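Whatever order the structure lists ligands and atoms in, that order sets their numbers, starting from 1. None of the values given here were measured: they were computed from a predicted structure.
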Amino acid sequence: MTGRTHDLAAITALGAVVLIEPLHTMTLSTALVSILANQIGGIAPDIDQPTAPLWRNLPEGKFVGKIVGKGMGGHRFITHSLLGAAIFGVLVYYLLRFLHPIMPHVNIGYVWWAFMIGMISHLLMDTITKEGVPWLLPIPIKLAFPPIKELRVTTGKFVESLIIFPGLIVLDIWFCASHYETLIAFIHQHLVF
Ligand SMILES: [Zn+2]
């Protein structure tokens, strides 16, 4: 899947968790930083390819991306597994603890969850692509859905652009409409300014 589909899937997953779970009270800064972390989590696994958004936007990024990609075992390897998600989880936890003194009003626990929700949504979305995902590394098998390869999505091609991406937008609109009361209650009663 492309970066923009992953970001949309990440925010969709975050929205679903926030609105389905019992509402939590949080500061506005927690909500904003959580959305940012969620979007980064949504594309983080693709740091294993030199064409990833992060590397494209950095000077000499493609070169660094190639080295990082090789170090990660190539595209769709360790960063696309539960083991990789756990490693990211630990690193992000310590990074957030390190950053907490400069953003004391931010609940880093929520930010961490938002990042992880983005990351897991990435693995789920890649699971429906032709290549599949090595969820269970170090067991070297790629899992994919549906099992028949021809029914799965090719990254960047028309099924992704014309069905998956617009489908996620429709899902978001439906979800906001069907959980409108909860959404309003969250904004009015649970966001602390
Ligand atoms: Zn990926």
Worksheet item: F165 ring centre to R4 NZ or CZ under 6.0 Å, with the angle to the axis within 45°?
Response: yes
Discussion item. With rounding to 10 degrees, what does the angle D126:OD2 / the Zn ion (ligand 1) / H122:NE2 come to?
Written reply: 90°
Worksheet item: Do you know which N/O/S atom name in H80 is closest to the Zn ion (ligand 1)?
Response: NE2
Worksheet entry | Pairing of R76 and D48 as salt bridge, 4.0 angstrom limit | no
Discussion item. If we count only N and O atoms by modelled type, under 3.5 Å, do the side chains of H80 and H122 hold a donor and an acceptor together?
Written reply: yes
Fill in: With F77 via ring-ring contact (aromatic ring centres under 6.0 Å, His included) - residues at least two apart
none
Practice prompt. Give the atom name of whichever N/O/S atom in D46 sits closest to the Zn ion (ligand 1).
Written response: OD1
